[in-house]
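Remarks on the structure that follows.
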Amino acid sequence: MVGVRIGVLSLQGSVIEHMDKLRALENVEPVEVKTLAALARVDGLILPGGESTTISKLLGQFGLLAPLSARIAAGMPVWGTCAGMILLAKTLVGEPAHLSVMDITVRRNAYGSQRDSFITYAVIPDFASEPLELVFIRAPWIEKVGENVRVLCRIDVHIVAARQDNMLATAFHPELAGGHAVHRYFADMVRQSV
Ligand code: GLN
């Protein structure tokens, strides 16, 4: 199996949890990414959950916003979890977009205060044949997808996982749940791209 270097954007959010999941995979070298030099060396990148406005501000301050968009547009595999998914979206309901690379319309804090945070289970055939634990924390959902976006999972009527070519988005946090199925799926995306 090909060895790949997978970065975790390490400005804010659930960085350590993603790094731990990646460490458990074979032939994957996890790398914390905070600088342009580190970004240049990875084969794929995870944008963790956290606070999207804070991560976006830091991306700007670290001079990473435009280079990261360019790298994704050039085909680098990227996976956004929760706040990371918000960063990827081309359209955010009621506010300006950030990296603006993925053809999805996302609503932040979509579950509102009533179901602020919750855990549910679903089978997502692309990831695994058994049900996965899905952890939602002040989560967004996807309201609309473009033609070239494949919906991977809906909970009730709302889209919570999608893929467009080299881009993967999940509204939930596999780094906080049991198992490694989604990290393994992303590592395969990265392997197929090198
Ligand atoms: N509510 C956060 C935001 O809008 C996302 C929450 C998360 O990443 N768990 O950025």
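Heavy atoms only: backbone and side chains are in, while hydrogens, waters and symmetry mates are out. Just so you know, ligand 1 is whichever comes first in the structure, and atom 1 is the first atom listed for that ligand.
No side-chain N or O of Thr53 forms a donor-acceptor pair with one of His98 less than 3.5 Å apart. For the residue pair Gln12/Thr54, the side-chain donor-acceptor check at 3.5 Å is not satisfied.
Using a 4.5 Å cut-off on side-chain heavy atoms (C-beta onward), Val42 and Arg71 make contact. Side-chain atoms of His158 and Ile142, non-hydrogen and from C-beta on, never get closer than 4.5 Å to each other.
For the pair Ile137 and ligand 1, the shortest N or O to N or O distance falls below 3.5 Å. On a distance-only criterion, Cys82 and ligand 1 share no N/O pair closer than 3.5 Å.
Salt-bridge formation is detected for the pair Arg108/Glu51: a Lys NZ or Arg NE/NH1/NH2 atom is positioned less than 4.0 Å from an Asp or Glu carboxylate oxygen. A salt bridge is defined here as a Lys NZ or Arg NE, NH1 or NH2 lying under 4.0 Å from an Asp or Glu carboxylate O, and Arg191 with Asp43 fails to meet this definition. Of the charged side-chain nitrogens involved, at least one lies within less than 4.0 Å of a carboxylate oxygen, so that Glu143 and Arg107 count as a salt-bridged pair.
Close approach of ligand 1 to Ile86 is summarised as follows: ligand atoms under 4.0 Å from at least one heavy atom of the residue are 3 (C), 4 (O), 10 (O). Less than 4.0 angstrom separates some heavy atom of Gly49 from each of these atoms of ligand 1: 8 (O). Taking a cut-off of under 4.0 Å to the non-hydrogen atoms of Ser52, the atoms of ligand 1 that pass are 3 (C), 4 (O), 10 (O).
Nearest non-hydrogen protein atom to atom 5 (C) of ligand 1 is Gly50 O, 3.3 Å. Looking only at protein heavy atoms, the nearest one to atom 4 (O) of ligand 1 is Arg108 NE, 2.7 Å.
Here Thr53 has no heavy atoms under 4.0 Å from ligand 1, in either its backbone or its side chain. Only the side chain of Asn109 comes within contact range of ligand 1, with a heavy atom under 4.0 Å; no backbone atom does.
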